[in-house]
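For reference, the structure is listed below as structure tokens.
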Amino acid sequence: MRMHTGTKSVDDSVAATGRAALTKTHAVSTEADASVAHPKSAEIFRRNRCFIPGGVVSVNRAVQPEIVFTKGQGAYIWDADGNRYIDYHAAFAPHLLGHNDPHVTDAVISVLRKGASLYGSGTTELEGRLAELICQHVPAAECVQFLNSGSEATCQALRLARAVTGKDHIIVMQGGYNGWHNDVSCNLMTPLEIIGPRISPGEYPYISISAGVPREHQQLVHPINFNDLQSVEYVCQNHSIAALITEPVLQNVGIIGPEAGYLEGLRELADRFGFILIFDEVKTGFRHQIGGYATLASVRPDLVVYGKAIANGYPIAVLGGRKELMDWFVHGEPSKRVLLAGTYNAHPVPTAAAIATIERLLMNGGEVYRHVELLGQKMQDGLERILRALSLKAVVARQGSAFCVYFMDHCPKDWHDLAACHDFGRDQQLRVGLIGRGIYFFPTATKQCSISFAHTEDDVDFTLEQIKNQLKEMIE
Ligand SMILES: Cc1ncc(COP(=O)(O)O)c(C=O)c1O
């Protein structure tokens with residue numbers, strides 16, 4: 001078995017110091033706590049705060065304890081103080097192959113060595129190669145366009161849907177995340193006190209997660225519960241709907257899977273009411289299968305968006321779909337043409353990374369997917385054994401390499417269910433405690449954990465051991 005004792009993160013004294021400091025307050029540990037356990041991280045945060053508001057460049061990275069990571073390799077990340085962690089955060093899920101996968105790194109270095117640059121004029125063979133690969137393997141993508149981030153891609157998908165249908169209203173999911181732009185920056189992890197009782201059939205108000213969204217725009221967006229076809233129908237009967245956008249599995253609040261018939265039902269309603277069905281597969285996409293979750297579910301959206309795992313950590317996103325829709329980006333009538341532009345679209349570095357990632361995923365008859373499924377199952381079985389042995393009211397939700405422990409007696413069917421039943425405090429306490437034990441689950445309750453191809457059975461065994469110890473400490 002691989003020993004973790006050779007690293008600082010699992011050195012008993014360091015782990016104990018971390019635990020003592022980090023579990024003092026579980027919801028939000030104080031700055032003083034973090035600086036005791038991670039003095040170099042604290043110093044870097046202090047300096048960066050002088051120039052970057054809050055010290056971070058993406059607000060959802062602002063978590064406690066404040067740790068500055070300096071290196072990632074395979075299944076591990078290291079912080080500025082030299083502590084090593086088995087990483088299950090995977091930077092919000094892109095690292096399906098593991099950090100700095102050699103196949104991907106080689107491809108990036110090679111493309112730069114060959115002198116590839118950003119030309120900003122015409123097309124390139126490289127982007128053509130990536131487009132062909134995706135269209136070959138993703139049934140929903142008859143053709144594709146490339147952008148730099150998931151948010152850009154979902155923004156373009158919705159704009160395209162509005163152009164094609166001539167309608168303005170859209171449906172989004174409570175508990176879904178589709179990016180930061182005005183259409184979708186709403187109703188993510190809204191506390192129950194704010195969302196109130198379950199509404200079905202019906203819709204919830206737009207509850208913004210950002211200031212600055214025009215009120216008129218909010219009127220165009222209709223949040224409903226996931227797994228609720230009746231509410232889709234209700235909203236379609238009351239508004240002129242251009243598109244429904246949803247993750248096929250809600251993976252920004254753990255793992256909330258579609259109930260039997262739900263995705264098929266969305267397809268049927270899209271056809272009946274004439275809206276564009278957009279699957280946001282930024283998280284589910286290549287993590288679960290080449291071809292996306294849509295392929296696993298045998299449901300074909302009109303448009304589909306990929307990001308994250310498609311390039312194993314490099315910034316590129318894909319918008320694909322039916323050719324007759326995608327052709328509106330080059331519509332012959334200028335008034336109907338949808339503007340898609342971007343200085344960095346299909347930059348050679350992330351483009352080479354995406355090609356190499358897909359090639360790696362295709363190698364040896366899909367060994368990557370077999371490996372992460374095996375480890376996912378092992379993690380789930382182990383977790384369930386531990387939860388049973390400790391008589392905890394908790395369940396494990398999993399889709400392949402992605403999993404989440406919910407402290408409630410059933411797997412949630414939507415955000416409302418989750419918000420009403422989950423013990424968020426216990427979830428948070430587990431996550432923060434694990435950090436002191438050399439395991440990095442992102443320290444925000446309900447966030448998905450991701451296993452990579454680089455993780456080993458020993459990593460999972462060690463993780464389970466630490467989870468058992470942490471849970472025991474919490475309930476004693
Ligand atoms: C499902 C989903 N869609 C869209 C996005 C936005 O992607 P990005 O952060 O690359 O803009 C995310 C990011 O977490 C996501 O999880």
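All ligand and atom numbering here is 1-based and tracks the order in the structure.
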Between His455 and Tyr88, does the ring centre distance come in under 6.0 Å?
yes

For the side-chain hydrogen bond (donor to acceptor under 3.5 Å, both in side chains) test, which of Lys447, His288, Gln399, Glu281 pairs with Gln251?
His288

For atom 9 (O) of ligand 1, what's the nearest protein heavy atom and its distance?
Ser151 OG, 4.4 Å

How about CZ on Arg272, more than 12 heavy atoms from neighbouring residues, nucleotides or ligands closer than 6.0 Å, or not?
yes

Under 4.0 Å from ligand 1, counting heavy atoms only, is it the side chain of Asn252, its backbone, both or neither?
side chain

Closest protein heavy atom (residue, atom, distance) for atom 3 (N) of ligand 1
Asp280 OD2, 2.6 Å

So is Lys308 polar-close to ligand 1, meaning N/O to N/O under 3.5 Å?
yes

Between Lys71 and Asp79, does any side-chain N to carboxylate O distance fall below 4.0 Å?
no

Answer yes or no for Phe92: is there a heavy-atom contact with ligand 1 below 4.0 Å?
no

Is any NZ, NE, NH1 or NH2 atom of the basic residue among Arg267 and Asp302 found under 4.0 Å from an Asp or Glu carboxylate oxygen of the other?
yes

If you have a sec, work out which protein heavy atom is nearest atom 7 (O) of ligand 1 and how many Å separate them, to one decimal?
Gly150 CA, 3.3 Å

Does the distance from a Lys or Arg side-chain N to an Asp or Glu carboxylate O, for Glu373 and Lys378, drop under 4.0 Å?
no

Go through ligand 1 atom by atom and flag the ones less than 4.0 Å from a non-hydrogen atom of Ser149.
10 (O), 11 (O)

Near Glu247, which atoms of ligand 1 are under 4.0 Å from a heavy atom of that residue?
1 (C)

Starting from atom 2 (C) of ligand 1, find the nearest protein heavy-atom neighbour and note its residue, name and distance.
Tyr177 O, 3.2 Å

Quick one: which ligand 1 atoms are inside 4.0 Å of a heavy atom on Lys283?
16 (O)

Is the distance between the ring centroids of Phe453 and Tyr369 under 6.0 Å?
no

